[in-house]
Amino acid sequence: MDQLRAVKGMDDLFESDLSLWRHVELVARETFLAYGFGEIRTPILEETAVFVRGVGEGTDIVHKEMFTFDDGGRPGDKDGTTSVCLRPENTAGVVRAMLEHGKLFADAYEQVFYVGPMFRREQPQAGRRRQFHQIGCEAFGTSEPGMDVAVMACVHTILDRLGLSSSTKLLLNTLGDPAERRGYTDALVAYFSAHEARLSDDSRRRLKENPLRILDSKDAGDRALAMAAPRPVDFLSDAARAHFDAVCAGLTRLSIPFSRDPFLVRGLDYYTRTVFEFVGEAGLGAQSTVAAGGRYDGLVETLGGRPTPAVGFAGGVERLVLMLKAVGAPAHGVAPELALVGADDGGRALCEQLAFGLRRQGVRVVVDVRGRGVKAQMKSADKSGARHSVVVGSAELGSGQGRVKNMATGDVSDVALSVEALRAVVRAAHAGG
RNA sequence: GCGGUUGUAGCUCAGCUGGUAGAGCACUGGAUUGUGAUUCCGGGUGUCGCGGGUUCGAGCCCCGUCAAUCGCCCCA
């Protein structure tokens with residue numbers, strides 16, 4: 001029989017990697033809370049319409065990358081079926097949830113963050129999986145540039161606390177409001193059409209499907225042409241230009257470095273005005289963007305709500321972890337603090353009692369229940385990375401005293417065989433380093 | 001959807017222009033009785049991804065297929 005295997009592009013994750021994952025998620029959650037965002041969890045499955053309307057029917061994501069299927073309808077009701085899909089991103093779903101629960105009333109002001117899996121049926125490669133994980137936040141209810149800045153500052157803080165701010169850079173651009181974006185797109189099409197013969201095959205296709213994409217083509221010829229292409233700034237209204245200037249000024253006030261990149265575009269339809277990307281320099285293969293986002297003032301209305309300005313971002317957990325590994329970030333291991341080694345049946349029994357008490361206080365303790373020899377248990381304790389060990393046998397049972405061994409230095413010292421005394425040893429170890 | 005590369009023990013890999021498979025690591029037992037990392041000795045493991053073909057004979061050659069991986073497209 002063939003070995004069963006995970007679905008293509010979907011990974012099994014183990015502790016060796018997950019300690020880094022937890023670190024990323026923990027830092028992200030703490031930072032979001034520090035910035036005033038509250039958590040939101042929405043279903044992984046949404047009606048397909050959420051993304052068709054929210055993300056845009058013409059986008060590749062919706063067009064060919066969603067895991068879509070029919071929900072089967074209610075039992076006995078063949079006609080009442082609904083098309084559902086695994087969420088390919090979370091912004092549209094979050095907006096749907098906010099609307100459904102009446103959070104986006106007039107003058108609503110809400111900030112939410114999320115952490116969770118997303119699904120896209122793409123060809124897997126480094127930093128790109130079919131099930132991947134994003135952290136992200138959305139701020140609703142203000143068109144003030146200060147919120148654009150706050151969102152970017154939040155990303156910056158997360159990266160900074162992960163030790164990645166110096167190996168990432170922030171790229172910033174504005175797409176203007178919808179009318180301006182349309183006008184700009186038309187100008188781009190006109191420009192590139194005039195030079196169509198010099199465009200790459202891919203970009204000739206983009207000319208029809210997604211002209212903005214030509215700007216960040218990887219083809220050298222395309223890039224040369226793009227250098228002389230019309231710039232979004234030239235199409236901005238005074239209001240949009242002022243907004244962009246204010247965003248730049250805000251970042252500067254916070255001493256957050258950024259580069260204006262007139263070629264930066266976003267793949268999703270809903271972006272307006274501010275768009276940004278944090279790109280990494282190491283370990284990411286061809287997928288260098290670790291976090292990206294922008295303003296989407298029209299999305300809430302598109303999904304059936306009142307016009308509500310909003311801005312947010314999403315970051316890729318896999319990509320952040322890849323970067324952490326690339327820069328040699330220390331694994332946030334969770335090695336046992338204490339290994340209790342039973343030398344005989346009586347000793348083992350006491351070890352199990354002590355472990356029970358210590359674990360109830362959150363101390364990480366390992367006990368070998370297999371009845372192996374002291375030597376074998378010590379070897380395992382060593383491999384586990386345990387900081388201390390105590391051997392418990394008949395002698396210790398009699399005296400109520402044991403000897404704690406510091407596994408790193410080999411030093412031993414006497415300790416009473418009680419939960420309190422052992423815990424004190426562990427605490428001392430924490431305090432010492 | 002399209003390209004490139006790869007597929008040999010749990011892991012990392014070797015395998016000499018085809019002659020019936022190896023190393024390191026890991027795991028495990030022991031080196032005077034209850035104390036680990038170094039050292040020494042011992043131990044097990046493979047349908048050589050799968051299916052065909054060529055050949056006296058294939059892990060090595062050919063075809064197909066599956067999978068992984070990197071990249072394109074696209075995206076976090």
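In what follows, chains carry the letters A, B, and so on, assigned in the order in which the sequence lines appear, proteins first and then strands, with residues in each chain numbered from 1. Side chains included, hydrogens not; waters and symmetry mates left out as well; all remaining heavy atoms used. This one's a predicted model, so the numbers in the text were calculated from it and none came from an experiment.
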How many whole angstroms separate atom [atom1] of [X] from atom [atom2] of [N]?
X         : N      : atom1 : atom2 : value
Asp222(A) : C72(B) : CG    : C1'   : 13 Å
Leu340(A) : U35(B) : CG    : P     : 17 Å
Asp216(A) : A76(B) : CG    : P     : 11 Å
Glu89(A)  : A76(B) : CD    : P     : 8 Å
Arg266(A) : A76(B) : CZ    : C1'   : 8 Å

Checklist entry - With sequence neighbours left out, what residues match Tyr296(A) under ring pair (Phe, Tyr, Trp, His ring centres under 6.0 Å)? => result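 Counting only residues at least two positions away or on another chain, Tyr296(A) forms a ring pair (Phe, Tyr, Trp, His ring centres under 6.0 Å) with Tyr270(A).
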Checklist entry - Are the side chain of Thr302(A) and the backbone N or O of Gly298(A) linked by a donor-acceptor pair below 3.5 Å? => result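 Side chain of Thr302(A) to backbone of Gly298(A): a pair is present.
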Next on the checklist: Looking at Arg96(A) and Val50(A), would you say the former's side chain and the latter's main chain have a donor-acceptor pair under 3.5 Å?
Outcome noted: no
Checklist outcome for this item: With B for base contact, S for sugar-phosphate-only contact and - for none (protein heavy atoms under 4.0 Å), nucleotides 36-46 of chain B reads BB---------
Next on the checklist: What does the B/S/- profile of nucleotides 64-70 of chain B look like, 5' to 3', with a 4.0 Å heavy-atom cutoff to protein?
Outcome noted: ---SSSS
Next on the checklist: Let's see if you get this right: which residues in residues 200-213 of chain A place a heavy atom under 4.0 Å from RNA chain B?
Outcome noted: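 Heavy-atom contacts with RNA chain B come from Asp202(A), Arg205(A), Arg206(A), Arg213(A).
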Checklist entry - Quick one, which residues of residues 147-177 of chain A touch RNA chain B with a heavy atom under 4.0 Å? => result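 Residues of residues 147-177 of chain A under 4.0 Å from RNA chain B: none.
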Checklist entry - With under 30° as parallel and over 60° as perpendicular, where do the rings of Phe37(A) and Phe32(A) fit, or are they tilted in between? => result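 Taking Phe32(A) first and then Phe37(A), their aromatic rings stand perpendicular (interplane angle over 60°).
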Next on the checklist: In this structure, which stretches of RNA chain B are paired as stems of three or more consecutive Watson-Crick or G-U pairs, both distances less than 3.5 Å?
Outcome noted: B:1-7 with B:66-72, B:10-13 with B:22-25, B:27-31 with B:39-43, B:49-53 with B:61-65
